[in-house]
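Naming convention: chains lettered A, B, ... in sequence-line order (proteins, then strands); numbering from 1 in each chain. Computed from a predicted model, the values in this text were never measured in an experiment. All values below come from the heavy atoms of this structure, side chains included, with hydrogens, waters and symmetry mates left out.
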Amino acid sequence: MDFGLSPEQRMFQESLGRHLAEASPLEVVRQARQPSFDPNRLVPGLAALGVAGLLVPEAHGGLGLGVLDAALAAEMLGRAAAPAPFVAAFVMAPLALALAGSPEQQAALLPKIAEGRLRVGAAFAEQVAARADAGVEVVQGRLSGRALFVLDFAADAYLVASRDGGLWWVEAGASGLERIPFSTIDTTRRVGELRLAATPAEPLPGASPAVLRRIIDAGRVVLAGDTLGAAQHMLEAAVDYAKTREQFGRPIGSFQAVKHMCAEMAASLEPCRAFLWYAAHAQDALPEEAALQAAHLKAHVAEVGTRLAKTATEVHGGMGFTDLLGLHHWFKRIAWNRQMLGSPEQCRREAARLRGLAA
Amino acid sequence: MDFGLSPEQRMFQESLGRHLAEASPLEVVRQARQPSFDPNRLVPGLAALGVAGLLVPEAHGGLGLGVLDAALAAEMLGRAAAPAPFVAAFVMAPLALALAGSPEQQAALLPKIAEGRLRVGAAFAEQVAARADAGVEVVQGRLSGRALFVLDFAADAYLVASRDGGLWWVEAGASGLERIPFSTIDTTRRVGELRLAATPAEPLPGASPAVLRRIIDAGRVVLAGDTLGAAQHMLEAAVDYAKTREQFGRPIGSFQAVKHMCAEMAASLEPCRAFLWYAAHAQDALPEEAALQAAHLKAHVAEVGTRLAKTATEVHGGMGFTDLLGLHHWFKRIAWNRQMLGSPEQCRREAARLRGLAA
Amino acid sequence: MDLSLSPRHQAFREEVRRFLAEHGHKAPRGHRGDHVAWQKLLIEHGYAARFIPREYGGYGAPPDILEARIIAEEFGRAQVSPGLQGQGVSMLVPTLLEVGTEEQKRRFIPPTLTGEMIWCQGYSEPQAGSDLASLRTSAVLDGDHWVVNGQKIWTSTAREADWMFALVRTEPEAPKHEGISFLLIDMRTPGIEVRPLVDMTMEANFNEVFFTDVRVPKENIVGRRGEGWRIANLVLRHERGSLADPNAMMARLLALIDLMKAERVDGRRAIDDPVLLDRLMRIEGRVQALRANDLRLLSAKVNPDHGDPRVGLAGLLVKLETTELRHELEGLAVDAMGEFGILYDRSPELRAGGTWVRSWMYYLGLIIGGGTSQIQKNIIAERGLGLPREPRTARP
Amino acid sequence: MDLSLSPRHQAFREEVRRFLAEHGHKAPRGHRGDHVAWQKLLIEHGYAARFIPREYGGYGAPPDILEARIIAEEFGRAQVSPGLQGQGVSMLVPTLLEVGTEEQKRRFIPPTLTGEMIWCQGYSEPQAGSDLASLRTSAVLDGDHWVVNGQKIWTSTAREADWMFALVRTEPEAPKHEGISFLLIDMRTPGIEVRPLVDMTMEANFNEVFFTDVRVPKENIVGRRGEGWRIANLVLRHERGSLADPNAMMARLLALIDLMKAERVDGRRAIDDPVLLDRLMRIEGRVQALRANDLRLLSAKVNPDHGDPRVGLAGLLVKLETTELRHELEGLAVDAMGEFGILYDRSPELRAGGTWVRSWMYYLGLIIGGGTSQIQKNIIAERGLGLPREPRTARP
């Protein structure tokens with residue numbers, strides 16, 4: 001029995017962390033909001049480290065690892081607030097292809113994903129929380145409708161879940177496809193709307209509600225990993241600030257109020273790490289628990305992260321509120337993760353259903 | 001415009017406080033759990049101060065005052081954790097008789113209530129939250145069924161609300177009436193069950209759902225007043241303890257953590273005072289707001305009180321947990337008030353209904 | 001307990017309503033319209049600067065808190081601008097009335113009241129956050145001028161302002177609270193540089209102001225040398241309460257209810273989600289508590305013989321409780337919208353211009369600004385409850 | 001990441017199950033049954049005192065944390081008493097093994113393991129709560145005896161105990177942490193008075209113990225004079241974690257779910273109230289987080305080369321988070337029952353013997369006891385995050 005990370009996993013996190021410290025320092029995080037910023041700028045570097053191919057089977061040029069490894073990567077991306085695609089492009093998309101793609105689709109697409117040459121967005125929002133005027137219908141093998149909050153929107157192609165539980169591959173240049181980018185408070189990741197009007201699309205033959213469930217659950221775990229990393233960054237920033245900033249002639253970290261704010265942050269956050277490991281491992285190895293763990297994890301980490309983001313900002317005083325330290329990018333990353341692929345209330349409702357406690 | 005207490009109201013509170021400091025010191029609060037303790041022992045003293053007749057019209061020997069005055073009395077009773085009947089005996093009962101009693105009933109009963117010679121319990125719990133096997137039916141003018149959590153249970157007679165919205169006067173010695181006292185964590189007030197089997201009862205002719213509503217709302221405001229007083233006592237006890245108890249060579253109240261616990265208690269509690277005044281005044285003078293204010297007040301004060309009771313106990317450290325200081329009597333009083341006549345969740349659900357936001 | 005108005009105040013309310021019906025259409029809306037002309041009209045009729053003496057450009061009515069409240073309520077209900085609310089009118093004018101020289105009053109108050117002279121406040125500094133009195137910006141007397149060097153931060157209207165009222169250190173040898181003076185500085189003086197300070201809303205709601213050998217005429221000091229801390233505190237107390245208009249919070253709550261009726265997820269309106277509805281009702285209960293608390297504070301001002309011993313405490317808690325509650329209220333709106341809640345800028349599908357998530361962040365700034373929640377709790381514990389101050393620390 | 005057990009440990013689990021199937025019926029239940037006989041049987045088979053050397057009355061197996069966990073899990077699942085868990089076994093025995101003399105080990109450990117010698121702990125004093133090291137109970141050497149005077153409090157099994165292990169001040173001139181010694185005191189010695197201490201549950205879960213000229217043989221000191229603080233801290237660390245069995249919390253959560261399925265208000269089961277269900281799911285998520293955290297701690301103990309740099313922090317937070325969460329969990333049960341939730345004693349209509357509301361109060365005691373939440377936060381901030389200690393205060 002070994003509940004912890006392997007030396008390889010630790011080394012992978014460390015090297016990814018070092019890479020991001022160089023490739024995505026605060027200046028780059030700031031630049032991400034400029035229209036001129038290429039949202040896929042970090043992809044080649046990530047691909048070189050294997051991040052793009054984490055979930056791609058070795059037979060298709062990837063590392064063939066699991067959701068746990070993806071969650072560990074997400075933690076480092078969140079920690080750096082890295083302006084890069086990940087949850088859709090390198091988790092949900094390869095997982096979907098591996099689970100539901102035809103051998104031809106897998107052979108054609110997975111190697112390119114692993115190399116970082118094919119960036120894929122994921123349109124699953126309506127499967128999680130349906131909005132009245134959105135959703136994608138299939139008519140004679142073509143797609144029509146609206147898909148909102150498509151993740152990793154700056155993509156070459158999209159995986160679109162249709163209302164009937166199907167999964168479709170849609171090229172960015174397909175006919176009848178209109179792409180409408182959204183702006184959110186988080187400027188490091190792209191979302192948007194796909195409008196489809198009899199748009200040609202290729203079905204993934206193995207699609208089923210159970211497969212969709214697994215993809216969404218993996219996405220939830222990965223977003224929780226991102227929040228864990230972002231929150232860890234904010235906690236460490238707050239602790240460092242508290243040690244150096246002086247007021248009333250002493251470091252503010254020697255005031256019990258500030259100390260206790262830091263202690264409360266750490267006490268609530270640190271168990272999220274083991275929880276992430278467990279829930280991610282469940283996606284890979286404990287199928288009977290996987291969905292429940294993903295729902296609980298997503299909700300719990302979102303609540304802890306939201307409170308922590310507020311507290312860490314307060315510890316920084318006015319500086320936390322300004323753009324000078326850039327702390328708000330992490331605050332917003334946590335707020336964004338909270339709402340995507342299921343809000344805490346919704347995840348808890350689903351957890352209750354999975355436990356057989358609600359209809 | 002004058003939003004505050006009159007000099008008479010202030011004086012009334014002060015004299016009641018002085019009286020209770022003598023008549024109900026901690027030793028008496030402790031004694032209340034003994035079987036030999038007369039639960040109506042404090043009634044004559046309260047009656048002499050006018051507390052029993054607050055809501056009895058002057059024509060019937062009372063003071064003819066309003067729910068606000070009752071709430072102010074409740075605050076002082078809660079503050080002393082006084083082992084005495086009040087919410088049913090001297091608020092809900094006289095209000096019910098004044099609103100729905102026949103002139104004969106009023107003339108016969110109200111003066112005795114005001115004199116403290118007639119103690120009345122109130123059986124309304126099923127009107128607030130119905131339990132499957134409880135409730136009182138009327139068959140040929142007689143009552144049958146179970147009434148749970150009858151307030152001020154050690155009584156000479158009971159006002160019983162029946163399922164059809166009627167109100168009934170039942171003598172304690174009536175035939176077919178069985179009285180089963182309950183034990184709760186709060187040993188200062190008595191509740192119990194009435195089992196009725198074709199028990200003779202006298203109807204109050206003016207009963208209606210609207211009248212029941214007013215009686216329950218007044219009860220809610222008064223319980224909130226009791227919680228305010230009990231919480232105020234706990235806050236003051238915690239502040240006094242923090243000023244005198246020394247640890248690490250200084251009073252614990254000079255530690256920021258303890259200071260901030262006290263500040264949070266005060267900041268959450270003090271607005272409850274104005275809220276109580278407003279909601280109680282609404283019962284007397286603003287009928288269109290009365291029910292909503294009562295529901296919101298009951299829920300809000302219960303939440304503030306529960307958190308405060310926990311925090312004040314923590315400030316006292318181990319001493320707060322023991323019986324030595326008796327602090328737990330106030331803790332339990334607050335916990336008891338929270339559950340009676342509508343829990344916070346239930347009161348908020350009702351508030352939403354009253355606001356037209358829920359069915 | 002009597003929440004009714006006297007016949008005189010009822011008549012005054014009618015008068016305000018008549019004025020609004022007749023003149024309301026002239027009011028500026030947002031950035032459009034002539035603010036100065038409107039302000040002058042309001043002063044003329046006594047709906048702005050009502051209680052400021054006539055000789056300083058005000059309307060000269062005797063102070064009456066209920067009249068002020070009636071004006072605020074009626075202008076709010078009619079959604080008409082109640083005139084200037086800036087720091088010049090709300091903070092500098094009361095300060096000058098209390099401690100200014102006759103000449104300062106005559107020179108500065110009238111144009112401030114009309115909006116022809118715009119002020120900013122220069123208190124905070126980067127190294128002096130919660131510990132405001134440790135400020136370092138220095139003013140050294142050189143002939144007939146103070147020479148000012150240093151930096152201010154959190155200056156909200158520095159770019160528009162003609163003048164700044166500032167705290168500067170004039171007595172470097174004195175204990176820190178006693179070395180500060182209150183200075184009026186013309187923003188066009190050479191050596192002043194204003195830099196916008198972008199905050200987490202990605203807007204520049206505040207600025208930094210840098211002073212390099214800025215020469216300020218000697219007579220522009222308010223009060224005596226070293227009295228600045230005391231003078232600033234006279235008015236800071238007002239600021240702590242001014243964030244806390246419970247009527248504004250109630251209006252915001254009503255807007256949230258409308259939002260929750262409009263947003264649908266899985267075919268269900270947000271308001272029909274019992275868990276969100278419970279959160280909403282929790283907040284409404286707290287808003288009601290703070291509204292009642294505000295009525296109590298108002299009533300104590302109206303009735304000096306109120307005999308309410310805890311009303312001081314009821315005032316001290318307002319900043320803490322209001323900013324925290326408001327942040328939660330705005331946060332519930334974000335949650336009720338789900339993914340739509342975090343849309344921003346001019347995004348497609350944006351609800352209400354993104355004001356909910358912006359306010360959610362802005363109110364986190366207000367929790368911090370003007371004394372963080374930690375400082376507020378110190379104040380409540382020490383002034384409100386009489387708990388001992390932090391002991392002096394031993395020098396190592 | 002591998003949550004499976006080795007074949008050896010799987011076989012051990014089977015062995016435990018076979019033992020339980022064969023002997024489980026002999027186990028005492030609550031106060032009934034022969035605890036000493038059961039304990040001896042357990043030691044004989046290696047399910048109690050498993051890792052204690054044979055020469056001191058234990059089973060003598062090499063330490064193996066997973067075996068310990070398997071025993072705990074299987075006994076828990078079978079609802080069979082896992083033998084003695086008191087402070088003698090959990091705190092004194094490890095202390096003596098580490099710092100006791102050979103004679104102390106041979107004299108005290110064997111009867112403690114069998115339950116024939118019962119211990120209580122004498123650390124806390126009325127004037128020394130969070131500041132435990134400021135204790136005042138004195139022990140003065142007089143010939144061959146220590147003469148003990150003073151008072152202890154929060155002594156949980158003082159009425160049943162044969163012996164007490166206590167901290168006493170033997171060096172009044174030394175700095176406060178260095179003047180304390182660790183003493184073993186026979187509770188039958190003249191001059192000891194035990195008074196039950198009733199707490200908010202109205203039960204006497206604790207006691208006060210008074211010492212008046214109590215003579216303790218000189219050799220009953222453990223370790224050297226002045227080493228008591230260090231010795232006590234060796235074991236206190238274990239106590240902080242021992243309140244935190246997440247399996248017990250999960251079992252309690254399942255019981256809460258059963259309760260919420262059974263309780264009905266207005267014809268609706270409590271579990272069908274979406275607001276209560278949301279609170280339940282919130283708590284379940286937090287329980288899951290703490291279960292995973294516990295697995296991590298266990299794994300780090302099993303694998304000394306775990307390379308997990310933050311596992312220390314993960315251990316420091318357990319007491320704080322577990323006791324607060326448990327108090328909330330029990331409080332939700334009270335709320336789910338409504339008025340029935342506060343019934344107590346032997347009231348008619350009482351649910352589950354009143355355990356929910358009793359536990360709700362008892363866990364408030366545990367939040368306070370063994371280091372209040374405030375002390376826990378200091379520890380997390382200082383040891384876990386490296387924040388500076390409170391500065392020494394200046395003497396006035």
Largest heavy-atom contact set with chain C, pairs under 4.5 Å, which of A:E246, A:M261, A:H316: A:M261
Contacting moiety of C:V198, where chain A heavy atoms sit under 4.5 Å: both
Neighbour count above 12 (heavy atom, 6.0 Å) for A:R163 CZ: yes
Aromatic ring pairing A:F331/C:W360, orientation class (parallel under 30°, perpendicular over 60°, tilted between): tilted
Chi angles and distances behind the side-chain contact (heavy atoms from CB on, under 4.5 Å) call for A:R349, C:D273: CA-CA 11 Å; A:R349 203 157 54 228; C:D273 176 336; 3.1 Å; yes
Closest non-hydrogen atom pair between A:L148 and C:F340, with its separation: CD1-CZ, 3.6 Å
Spatial distance of atom CE (A:M319) from atom CD1 (C:I153) [nearest 0.5 Å]: 5.5 Å
For chain A, the option from C:V275, C:I367, C:D199, C:L276 that forms the most heavy-atom pairs under 4.5 Å: C:D199
Structural part of A:Q256 lying under 4.5 Å from a heavy atom of chain C: neither
Contact winner vs chain A - C:L197, C:T372, C:N205, heavy-atom pairs under 4.5 Å: C:L197
Donor-acceptor contact present, side-chain A:D323 to main-chain C:M200, <3.5 Å: no
Option in A:A129, A:A130, A:A125, A:S183 with maximal non-hydrogen atom pairs under 4.5 Å from chain C: A:S183
4.5 Å side-chain heavy-atom contact, C:L364 and A:E314: yes
Contacting moiety of A:V128, where chain C heavy atoms sit under 4.5 Å: backbone
Engaged part of C:E263 at the chain A interface, taking heavy atoms whose separation is under 4.5 Å: side chain
Side chain proximity check, A:R338 to C:I342, heavy atoms < 4.5 angstrom: no
Side-chain donor/acceptor of C:E339 to backbone N/O of A:G342, under 3.5 Å: no
Chi angles and distances behind the side-chain contact (heavy atoms from CB on, under 4.5 Å) call for A:F321, C:L366: CA-CA 9 Å; A:F321 181 60; C:L366 290 192; over 6 Å; no
Interface moiety of A:E193 toward chain C, non-hydrogen atoms closer than 4.5 Å: side chain
Test log, rule side-chain contact (heavy atoms from CB on, under 4.5 Å), inputs A:I185 and C:R358: CA-CA 9 Å; A:I185 53 169; C:R358 180 187 295 107; over 6 Å; no
Side-chain donor/acceptor of C:S347 to backbone N/O of A:F182, under 3.5 Å: no
When A:G317, A:A257, A:P344, A:G318 are compared by non-hydrogen pairs under 4.5 Å with chain C, the top option: A:G318
Check ion pair A:K310-C:E328 (N to O, under 4.0 angstrom): no
Min side-chain heavy-atom separation A:H328-C:M361 under 4.5 Å: no
Top contributor to chain C contacts, counting heavy-atom pairs under 4.5 Å, from A:E345, A:M340, A:H329: A:E345
Student check: side-chain heavy atoms of C:W154 and A:T322 closer than 4.5 Å: yes
A:T313 side chain near C:I368 side chain, heavy-atom distance below 4.5 Å: yes
Contact origin within A:I180 toward chain C - heavy atom pairs under 4.5 Å: side chain
Which atoms of A:R245 approach chain C - backbone, side chain, both or neither, heavy atom under 4.5 Å: side chain
C:K377, part contacting chain A, at a heavy-atom distance under 4.5 Å: neither
Pick from C:M202, C:M337, C:R264, C:H327 with the largest number of heavy-atom pairs that fall under 4.5 Å of chain A: C:M202
Minimum side-chain heavy-atom gap A:Q346-C:D266 below 4.5 Å: yes
Ion pair check, A:R131 and C:E349, cut-off under 4.0 Å: no
Options C:G365, C:A204, C:S124, ranked by heavy-atom pairs under 4.5 Å with chain A, top entry: C:G365
